[in-house]
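Atoms considered below: every heavy atom in the structure, side chains included; atoms not considered: hydrogens, waters and symmetry mates.
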Amino acid sequence: MPADCSLRSISSCHAEMVAALKSEGDLSVDCSAITTCDITGIQLLVSAAKTAEAAGRVMRLAGVPETLGMALARAGLALSPAADRILINEV
């Protein structure tokens with residue numbers, strides 16, 4: 001994920017996520033560079049997680065910064081205890 005995961009820069013990240021979802025196996029999304037995240041970035045991550053789950057795959061987050069955790073909380077979502085997955089259905 002890029003440093004800016006907001007509406008103004010999410011289109012290139014979306015293209016990369018679509019390509020990753022077309023590959024095989026589980027996904028690992030490096031979030032360590034994120035410094036700005038709005039609902040657009042959250043929507044992309046949630047959509048990707050749901051798409052992966054529907055295909056029987058797991059999408060894990062790596063290097064989740066506090067910025068992303070706070071954005072998830074504002075959106076009414078949470079991270080798993082290991083902070084490697086977005087809890088979508090459990091919230």
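Side-chain atoms of Leu79 and Leu87, non-hydrogen and from C-beta on, never get closer than 4.5 Å to each other. Between Arg85 and Arg60, some side-chain heavy-atom pair lies under the 4.5 Å cut-off. Proximity of Cys5 to Thr36: side-chain heavy atoms (C-beta onward) are nowhere separated by under 4.5 Å. In this structure, Ile10 and Asp38 have side chains that are not in contact, with every pair of non-hydrogen atoms separated by 4.5 Å or more.
Legend: side chain to side chain donor-acceptor pair (under 3.5 Å) pairs involving residues 66-80, not counting sequence neighbours, sorted by first then second residue: Ser80-Asp84.
No donor-acceptor pair closer than 3.5 Å links the side chain of Thr40 to the backbone N or O of Ser6. In terms of modelled atom types and a separation under 3.5 Å, the side chain of Thr51 and the main chain of Ser47 share a donor-acceptor contact.
The two atoms that bring Ala75 and Ile39 nearest to each other are CB-CD1, 3.9 Å, heavy atoms only. Here the shortest heavy-atom pairing between Cys13 and Pro2 reads SG-CD, 3.6 Å. In plain terms, the two heavy atoms of Ile42 and Cys37 that are nearest each other are CD1-SG, 3.9 Å.
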**Asked** Between Leu45 and Met1, does a side-chain contact (heavy atoms from CB on, under 4.5 Å) hold up when you go through it step by step?
**Response** CA-CA 10 Å; Leu45 288 171; Met1 299 288 289; 4.0 Å; yes

In a table with atom names and distances, give each donor-acceptor pair under 3.5 Å that connects a side chain of residues 17-35 to protein atoms at least two apart or in another chain.
unit_1, atom_1, unit_2, atom_2, d
Ser23, OG, Ala20, O, 2.5
Asp26, OD1, Val58, N, 2.9
Asp30, OD1, Ser32, N, 3.0
Asp30, OD1, Ser32, OG, 2.7
Thr35, OG1, Ala3, O, 3.3

